[in-house]
Trainee: 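So that we are looking at the same thing, I have put the structure below in structure tokens.
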Amino acid sequence: MSADAGIAVDLNTIRDWLRAQVGSYVMRAPEEIDPLVPVAQYGMDSVYSLSLCGDIEAEYGLEIEPTLAWEHPTVEAMADHIRGRLSTA
């Protein structure tokens, strides 16, 4: 579902995708990932966070800084950041 220029991606879609990605790294079902809880509390470490940045780049075509999970520590904050970046891309 890669985002192409001009195609709006809904915040809920991004949030759900992020929950699935985080869940796959920490071996939990996506519905167990609370979008308002810092992903570090689920066991996301720097290696997983760097991999997540690569996943976001591949899925949405955005260059993502490796500090994403520290600057935007929850799924909700990451989704909001990604949506903002997509709207200006």
Side-chain angles (χ1 to χ4, degrees):
M1 171 203 59
S2 294
D4 296 321
I7 297 177
V9 179
D10 161 284
L11 185 62
N12 289 328
T13 301
I14 298 169
R15 186 184 308 113
D16 290 346
W17 182 84
L18 283 168
R19 288 175 75 195
Q21 293 305 110
V22 170
S24 73
Y25 285 117
V26 299
M27 294 184 275
R28 291 182 181 232
E31 56 273 7
E32 293 179 30
I33 306 300
D34 184 330
L36 301 176
V37 171
V39 296
Q41 288 188 21
Y42 292 108
M44 283 287 288
D45 62 16
S46 59
V47 173
Y48 289 150
S49 296
L50 186 58
S51 296
L52 179 62
C53 290
D55 295 342
I56 294 166
E57 289 176 5
E59 184 71 14
Y60 294 103
L62 297 172
E63 188 173 317
I64 298 295
E65 293 297 321
T67 56
L68 175 75
W70 283 266
E71 293 172 0
H72 308 281
T74 65
V75 165
E76 187 69 26
M78 283 187 242
D80 189 51
H81 175 73
I82 292 166
R83 181 67 189 105
R85 292 276 312 275
L86 288 171
S87 67
T88 60

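Heavy-atom basis, side chains included; hydrogens, waters and symmetry copies ignored.
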Trainee: Can Met78 be reached from Leu50 by stepping across I, L, V, M, F, W or Y side chains whose heavy atoms are under 4.5 Å apart?
Mentor: no
Trainee: Roughly how far, to the nearest 0.5 Å, is CZ of Arg85 from CG of Asp80?
Mentor: 13.0 Å
Trainee: Can you list every side-chain hydrogen bond (donor to acceptor under 3.5 Å, both in side chains) pair that touches residues 45-55, not counting sequence neighbours?
Mentor: Gln21-Asp55, Tyr25-Asp55
Trainee: Indicate the atoms forming the closest heavy-atom contact of Thr13 with Tyr60, along with that distance.
Mentor: O-OH, 4.2 Å
Trainee: Val39 versus Val26: any side-chain heavy-atom pair under 4.5 Å?
Mentor: no
Trainee: Go through Ile82 and Leu11 one step at a time and tell me if the side chain to side chain contact (heavy atoms under 4.5 Å, CB included) criterion holds.
Mentor: CA-CA 9 Å; Ile82 292 166; Leu11 185 62; over 6 Å; no
Trainee: For the backbone of Ile33 and the side chain of Arg19, can you confirm whether one donor and one acceptor N or O come within less than 3.5 Å of each other?
Mentor: yes
Trainee: Suppose we screen for side-chain contact (heavy atoms from CB on, under 4.5 Å). Which residues come up paired with Glu63, at least two apart in sequence or across chains?
Mentor: Glu57
Trainee: Nearest heavy-atom pair of Ile64 and Cys53: which atoms, and what distance?
Mentor: CG2-SG, 3.6 Å
Trainee: Show me the side-chain donor-acceptor pairs of residues 65-76 shorter than 3.5 Å, one per line, residues at least two apart or across chains.
Mentor:
residue : atom : partner : partner atom : Å
Thr67   : OG1  : Glu71   : OE2          : 2.9
His72   : NE2  : His81   : ND1          : 3.3
Thr74   : OG1  : Ala77   : N            : 3.0
Glu76   : OE1  : Arg15   : NE           : 2.6
Glu76   : OE1  : Arg15   : NH2          : 3.4
Glu76   : OE2  : Arg15   : NH2          : 3.2

Trainee: Under the side-chain contact (heavy atoms from CB on, under 4.5 Å) rule, collect the residues that match up with Val37, sequence neighbours excluded.
Mentor: Asp34, Gln41, Tyr42
Trainee: What's the separation between atom CD in Glu59 and atom CG in Leu52, rounded to the nearest 0.5 Å?
Mentor: 11.0 Å
